[in-house]
Structure formats: C-alpha cells, structure tokens
Amino acid sequence: MAAFLKNIAAVASLNGPVAATHIPLCYKDKTIPILTTYEQHIEVTDSNILDCSDVLIDPFQAPGNQSLIPIEKAEAQLLFIVGQDDHIVKSEYYATEVCKLLQAQGKENFQILSYPGTGHCIDPPFFPSYPIGNHPVFLKRAVLGREFGAYSRAQVHAWLQIQAFFQKYLNDK
C-alpha cells in the first residue's frame with residue numbers, strides 16, 4: 001500500500017515478497033502481474049512435505065521486472081524482517097535486492113533485520129513455533145523453517161524492534 005498511497009509513515013514487512021506472487025496486485029488503473037511459478041521445482045520430502053524454496057522466478061531477473069512492487073515510490077520508513085531459513089519465499093534475498101534498488105535511487109528509508117535459522121513465520125513472542133505449516137497456495141504441508149531456538153530468539157528480538165520502529169516513526173503522527 002505504501003507504494004501507492006501517501007501519508008503512510010511506516011511499514012514493517014515480515015518475510016514479505018517484494019513482488020506479486022500468486023495474486024495480481026491491483027490499484028486503480030495499475031495491475032502488477034504475478035511472478036511465474038515453477039511447480040516442477042517443488043521438492044517433496046520423504047514425509048510428503050513440500051519445500052517451495054525455488055518455485056518462484058527471481059523477480060529481479062525477470063524480463064522487465066514487471067512483477068516487482070514499486071517500493072521505490074514509498075515515502076514510508078520500511079522495516080524488512082526476514083528469516084534466513086525461509087522455505088516459502090527467499091525473503092532475505094528479496095529484501096536485500098530491493099534495498100539495493102532503493103539505495104541506487106538515493107533512498108535511505110529502509111532497514112533489514114535478518115535472523116539466522118529462522119523460517120517463514122516470525123510471530124510475536126511466545127506464539128507456538130512450527131517448522132511445518134499449510135502452504136497458502138499449494139494447500140499442502142510445507143517446510144517453513146527448522147530451528148525452534150532460532151524462531152524463539154527471533155520472535156522476542158523482532159517484536160521489540162517492531163515496537164521501537166513504530167514508536168519512532170508513528171509517535172509524532
């Protein structure tokens with residue numbers, strides 16, 4: 001939304017793709033098409049659990065980058081929170097690459113918090129950690145991440161950082 005709407009002061013993205021992935025993104029007369037999905041790249045474990053790490057085409061290498069959300073238009077402060085063991089989207093790579101694009105355009109309104117061993121779902125502290133969950137598109141059990149201790153540490157740290165971020169950028173608004 002911050003890419004299209006004014007007066008948004010701060011955005012926190014938790015393992016969010018920076019491109020339209022499975023549903024086109026539409027706002028007024030603009031439609032951002034979805035990334036190409038390569039279902040044949042799904043890996044299936046012996047337990048019949050999906051690893052979807054490599055199913056989406058790289059939005060930064062796709063011709064014309066048409067599926068990228070135009071985050072460079074956002075005036076908001078951006079906080080990207082990513083798990084380095086995300087098996088749903090390559091969230092650390094996406095955040096790093098979009099920040100390179102922002103930097104190349106002279107923007108400094110972003111920061112990345114990256115958590116080793118942490119998968120796709122970084123919930124508030126003390127939520128149950130789960131390494132396997134239902135994939136929202138393929139509707140089957142999928143790997144989200146694997147390290148319980150890393151999840152717990154990321155939950156506590158990220159929650160404090162999110163609160164501080166919003167307090168800093170929304171307190172005067």
Side-chain angles (χ1 to χ4, degrees), residues 1-3 10-25 32 34-62 65 67-69 71 74 76-103 110-166:
M1 289 183 358
V11 174
S13 171
L14 281 75
N15 285 326
V18 294
T21 53
H22 298 290
I23 300 171
L25 180 60
I32 299 174
I34 63 172
L35 289 173
T36 302
T37 302
Y38 296 114
E39 289 187 40
Q40 67 271 24
H41 291 179
I42 294 174
E43 293 182 28
V44 181
T45 68
D46 292 339
S47 303
N48 206 29
I49 297 170
L50 308 181
D51 184 331
C52 301
S53 300
D54 294 314
V55 299
L56 295 171
I57 189 172
D58 183 339
F60 299 96
Q61 304 301 319
N65 294 347
S67 296
L68 281 175
I69 298 167
I71 295 174
Q77 293 295 317
L78 306 169
L79 175 61
F80 297 97
I81 299 171
V82 298
Q84 293 178 5
D85 193 32
D86 188 343
H87 288 258
I88 300 297
V89 295
K90 294 180 179 181
S91 53
E92 182 182 37
Y93 170 71
Y94 289 176
T96 301
E97 291 302 307
V98 81
C99 288
K100 286 179 188 175
L101 290 175
L102 291 169
Q103 214 167 20
F110 59 87
Q111 58 183 304
I112 300 174
L113 296 176
S114 184
Y115 295 98
T118 303
H120 188 70
C121 296
I122 302 176
D123 295 313
F126 311 112
F127 270 54
S129 298
Y130 43 96
I132 297 168
N134 290 322
H135 192 284
V137 174
F138 302 118
L139 306 177
K140 294 185 179 175
R141 306 291 283 160
V143 175
L144 301 176
R146 295 193 176 100
E147 295 183 36
F148 288 115
Y151 264 119
S152 297
R153 288 186 296 278
Q155 287 175 328
V156 171
H157 187 265
W159 185 245
L160 294 172
Q161 297 303 309
I162 292 167
Q163 290 175 325
F165 173 77
F166 283 133

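With sequence neighbours excluded, no residue forms a side-chain hydrogen bond (donor to acceptor under 3.5 Å, both in side chains) with Y38. With sequence neighbours excluded, the residues satisfying side-chain hydrogen bond (donor to acceptor under 3.5 Å, both in side chains) with S114 are Q84, E92. A search for side chain to side chain contact (heavy atoms under 4.5 Å, CB included) contacts involving Q163 returns W159, L160, not counting sequence neighbours. In this structure, Y94 has no side-chain hydrogen bond (donor to acceptor under 3.5 Å, both in side chains) partners at least two apart in sequence or on a different chain. Among residues two or more places apart in sequence or in another chain, the side chain to side chain contact (heavy atoms under 4.5 Å, CB included) test is passed with Y93 by D58, F60, Q61, K90, E97. Applying the side chain to side chain contact (heavy atoms under 4.5 Å, CB included) criterion to Q161, with sequence neighbours excluded, gives L113, Y115, H157. Applying the side chain to side chain contact (heavy atoms under 4.5 Å, CB included) rule to A142 yields the partners L50, I88, H135; only residues at least two apart in sequence or on another chain are considered. Judged as a ring pair (Phe, Tyr, Trp, His ring centres under 6.0 Å), and not counting sequence neighbours, Y130 has no contacts. Considering only residues two or more places apart in sequence or on other chains, N15 meets the side-chain hydrogen bond (donor to acceptor under 3.5 Å, both in side chains) condition with S91. Residues passing the ring pair (Phe, Tyr, Trp, His ring centres under 6.0 Å) test with F165, sequence neighbours excluded: Y169.
Counting only heavy atoms from C-beta outward, the side chains of L68 and L101 approach each other to under 4.5 Å.
Residue pairs that meet the salt bridge (charged side-chain N to carboxylate O under 4.0 Å, His left out) test with at least one member in residues 118-144, sequence neighbours left out, do not exist here.
What you find for L35 and A19 is that their closest heavy atoms are CD1-CB, 3.9 Å. Shortest non-hydrogen contact noted between P125 and V156 is CG-CA, 3.9 Å.
Only one option out of I81, L79, V82 pairs with L14 in a side chain to side chain contact (heavy atoms under 4.5 Å, CB included); it is I81.
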